[in-house]
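For reference, the structure is listed below as structure tokens.
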Amino acid sequence: RKEVEQDPGPFNVPEGATVAFNCTYSNSASQSFFWYRQDCRKEPKLLMSVYSSGNEDGRFTAQLNRASQYISLLIRDSKLSDSATYLCVVNGGGSYIPTFGRGTSLIVHP
Amino acid sequence: EAGVTQFPSHSVIEKGQTVTLRCDPISGHDNLYWYRRVMGKEIKFLLHFVKESKQDESGMPNNRFLAERTGGTYSTLKVQPAELEDSGVYFCASSPSRGFTEAFFGQGTRLTVV
């Protein structure tokens, strides 16, 4: 089983839709979690950290479920500019090696 | 404030040649990471520096890869001799803390070995 797993998609949604991605991790001792966004041929950019209590930033909501070992990202009112690959990053659990998932591709169409 | 910069942005070399990639982290960031993305695969960890010390190099593929961070500032990643399977995008990231919080990536170096 991979350390960090994501559905590669693509998720194809119309503008204004709500879309959610999950990311599962195998190391139960993992301590910190992040969502990154990567546009085509660009570097990953931090979208948001994921806190135990869940957190929201505008249209984006991230949640952590430690019992089931997954994190989620919810995007409301999708915009065309949200089209990108969303990378899940998990850190901790005995090391400081941030581990990336393969990413989930989102395509928002008019 | 300058972000993480990497040089070169692209490099095409022949199998057997040597290439050196450079990363300049954000000033004051003690933690520097090298990652690699091979086409179609996930971004894979290579190694982690804390200042000038290698904290973890468990992701380095083999001894053809050598990373340095003299003086705890910029870092270099040398591949010698390069093989075809070394092709990919090499990313550098820096962060002020070990937990990867507030980590920023450089734009990457796209390496093609032919």
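Hydrophobic clustering keeps B:Met39 apart from B:Tyr90 (ILVMFWY residues linked when any side-chain heavy atoms are closer than 4.5 Å, directly or through intermediates). Linking Ile, Leu, Val, Met, Phe, Trp and Tyr residues whenever their side-chain heavy atoms come within less than 4.5 Å leaves A:Leu46 and B:Leu32 in two separate clusters. The hydrophobic cluster containing B:Phe91 does not contain B:Leu77, counting ILVMFWY residues as joined when their side-chain heavy atoms lie under 4.5 angstrom apart, directly or transitively. No continuous path of ILVMFWY side-chain contacts below 4.5 Å connects B:Leu47 to A:Phe100, so the two sit in separate hydrophobic clusters.
The residue among A:Gly101, A:Pro44, A:Ser49, A:Ser32 with the most heavy atom pairs within less than 4.5 Å of chain B is A:Pro44. Top candidate by heavy-atom pairs under 4.5 Å with chain A, chosen from B:Ser58, B:Gly108, B:Gly106, is B:Gly106. Between chain A and the options B:Gln55, B:Lys41, B:Arg110, heavy-atom pairs under 4.5 Å are most frequent for B:Arg110.
Of all heavy-atom pairs spanning A:Pro98 and B:Phe45, the tightest one is O-CB, 4.5 Å.
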**Q.** Residue pair B:Glu42, A:Gln6: steps toward the side-chain contact (heavy atoms from CB on, under 4.5 Å) verdict
**A.** CA-CA 10 Å; B:Glu42 63 268 31; A:Gln6 295 182 253; over 6 Å; no
Q: Report the C-alpha separation of A:Gln38 and B:Ile43 in whole Å, then their side-chain angles, then the decisive distance to 0.1 Å, and conclude whether the side-chain contact (heavy atoms from CB on, under 4.5 Å) test is met.
A: CA-CA 11 Å; A:Gln38 186 174 25; B:Ile43 296 173; 4.1 Å; yes
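Annotation for B:Lys54: atom NZ counts as buried by contact number, over 12 foreign heavy atoms lying within 6.0 Å.
B:Ala93 does not touch chain A: none of its heavy atoms, backbone or side chain, sits under 4.5 Å away.
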